[in-house]
Amino acid sequence: MSTDAQTIVTLLDQQYEQLLVDARCLAASYVDASIKKYKKTGVKSVVAAVSIKQTSPNAYSIYWCKLVPLQGQKNKFAPLTIAKGNGKHKYPASSFEFVEYTYRRLVLQVESRLAEIRRIASENRQLRRTLVAYEKKLSRYQALNHDPLY
């Protein structure tokens with residue numbers, strides 16, 4: 001890969017990492033806001049959590065989970081992924097109908113921001129894949145023996 005292309009790939013990777021940092025900070029802020037809301041209202045129904053998992057060496061997935069209490073185990077939950085749909089960056093509001101009204105507005109506010117992060121991160125990864133594929137094709141072409149025409 002040319003040094004210019006490598007520089008661009010490195011820059012894209014750095015930007016992607018910053019998006020992940022932003023998503024993690026947003027998820028932490030959501031937990032803090034949920035706790036504040038709980039202390040203020042006493043309502044204990046927050047059962048939605050943000051999960052960020054690595055799906056490949058160069059990509060992560062940001063999604064919501066419904067936390068389901070484990071039977072017979074106090075304060076233990078199993079995260080069940082909430083389906084968003086392929087090719088979509090934003091969860092529909094109906095995905096959060098199980099969340100009590102007190103918290104739904106907070107969840108939808110966080111989801112709106114996460115959707116923007118997902119969209120930009122997806123575009124970033126697409127640019128990276130396109131550039132890497134182009135560089136491979138260009139390198140193969142340049143490696144061919146270009147004899148003079150007869």
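Just the heavy atoms: all of them, side chains too, but no hydrogens, waters or symmetry mates, feed the values below.
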Asks: Just checking Phe77: does its CZ atom have more than 12 heavy atoms from other residues, nucleotides or ligands closer to it than 6.0 angstrom?
Replies: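 Yes, CZ of Phe77 has more than 12 neighbouring heavy atoms, counting only those of other groups under 6.0 Å.
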Asks: Is there a side chain to side chain contact (heavy atoms under 4.5 Å, CB included) between Trp64 and Phe96 once you walk through the steps?
Replies: CA-CA 9 Å; Trp64 286 91; Phe96 305 104; 3.6 Å; yes
Asks: Under a 4.0 Å N-O cut-off, is there an ion pair linking Glu116 with Arg113?
Replies: no
Asks: Under a 4.5 Å side-chain heavy-atom rule over Ile, Leu, Val, Met, Phe, Trp and Tyr, are Phe98 and Val68 clustered together?
Replies: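 No; Val68 is not reachable from Phe98 via cluster members.
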Asks: Indicate whether any N or O donor in one side chain lies under 3.5 Å from an N or O acceptor in the other, for Ser139 and Glu135.
Replies: no
Asks: Got a second to check how far Leu108's CG is from Tyr91's OH, nearest 0.5 Å?
Replies: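 Reported value, rounded in 0.5 Å steps: 13.0 Å.
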Asks: Are the side chain of Arg104 and the backbone of Val99 linked by a donor-acceptor contact shorter than 3.5 Å?
Replies: yes
Asks: Write down the atom of Asn124, the atom of Leu12, and the distance for their closest heavy-atom approach.
Replies: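 Closest heavy-atom pair between Asn124 and Leu12: ND2-O, 3.0 Å.
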Asks: Assess whether a salt bridge exists between Asp13 and Arg125, defined as any Lys/Arg side-chain N lying under 4.0 Å from an Asp/Glu carboxylate O.
Replies: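 The answer is yes: the pair qualifies as a salt bridge.
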Asks: Could you see if Val50 belongs to whatever hydrophobic cluster contains Leu80? Use Ile, Leu, Val, Met, Phe, Trp, Tyr and a side-chain cutoff under 4.5 Å.
Replies: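 Result: no, two separate clusters.
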Asks: Do Gln18 and Asp22 come within less than 4.5 Å of each other through their side chains, counting heavy atoms only?
Replies: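 A side-chain contact exists here, since the closest heavy-atom pair is under 4.5 Å.
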Asks: Looking at Tyr63, is Lys84 sitting on its ring face, NZ or CZ under 6.0 Å from the six-membered ring centre and within 45 degrees of the normal?
Replies: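 Output no; distance or angle outside limits.
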Asks: In Å and rounded to the nearest 0.5 Å, what is the CG to CD distance from Leu11 to Gln14?
Replies: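 Here the rounded value is 6.0 Å.
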Asks: If you measure from OG1 on Thr102 to NZ on Lys40, what distance do you get to the nearest 0.5 Å?
Replies: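 One finds 11.5 Å between OG1 of Thr102 and NZ of Lys40.
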Asks: Under 3.5 Å, side chain of Arg118 to main-chain N/O of His89, donor-acceptor pair present?
Replies: yes
Asks: Any chance CZ of Arg119 has more than 12 other-residue heavy atoms, nucleotides or ligands included, within less than 6.0 Å?
Replies: yes
Asks: Show the numbers, then the answer: is there a side chain to side chain contact (heavy atoms under 4.5 Å, CB included) between Glu123 and Leu127?
Replies: CA-CA 6 Å; Glu123 290 174 8; Leu127 280 169; 5.5 Å; no
Asks: Which pair of non-hydrogen atoms, one from Cys65 and one from Ile82, has the smallest distance, and what is that distance?
Replies: C-CD1, 3.9 Å
Asks: Strictly below 4.0 Å, N to O, side chains only: are Lys37 and Glu100 in salt-bridge contact?
Replies: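 Result for this pair is no, no salt bridge flagged.
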Asks: Check Leu26 against Val110 and note the closest heavy-atom contact, atom names and distance.
Replies: CD2-O, 3.9 Å
Asks: Checking Arg24 against Tyr60: charged group under 6.0 Å from the ring centre and within 45 degrees of the axis?
Replies: yes
Asks: Mind checking the CD1-CG spacing from Ile52 to Leu114? Nearest 0.5 Å is all I need.
Replies: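 Between atom CD1 of Ile52 and atom CG of Leu114 there are 7.5 Å.
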Asks: Under a 3.5 Å distance rule, please check whether Ser95 uses its side chain to pair with a backbone N or O of Pro92 as donor and acceptor.
Replies: yes
Asks: Which heavy-atom pair separates Glu111 from Lys90 by the least distance, and what is that distance?
Replies: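 Where Glu111 meets Lys90 most closely, the heavy atoms are OE2-CA, 3.4 Å.
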Asks: Answer yes or no: are there more than 12 heavy-atom neighbours, outside Gln71 itself, under 6.0 Å from its atom CD?
Replies: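 No - once you tally the heavy atoms of other residues, nucleotides and ligands closer than 6.0 Å, there are 12 at most.
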Asks: Provide the closest heavy-atom pair for Leu70 versus Ala78 in the form atom of the first, atom of the second, distance.
Replies: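 Shortest heavy-atom contact: CD2-CB, 3.7 Å.
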Asks: Within the side chain of Ser34, is there an N or O that forms a donor-acceptor pair under 3.5 Å with the backbone of Tyr30?
Replies: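 Indeed, once roles are kept as given, a pair shorter than 3.5 Å links the two residues.
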Asks: Out of curiosity, Ser2 OG to Leu138 CG, how far, rounded to the nearest 0.5 Å?
Replies: 8.0 Å
Asks: At what distance, to the nearest 0.5 angstrom, does CD1 of Ile62 lie from CG of Leu20?
Replies: 6.0 Å
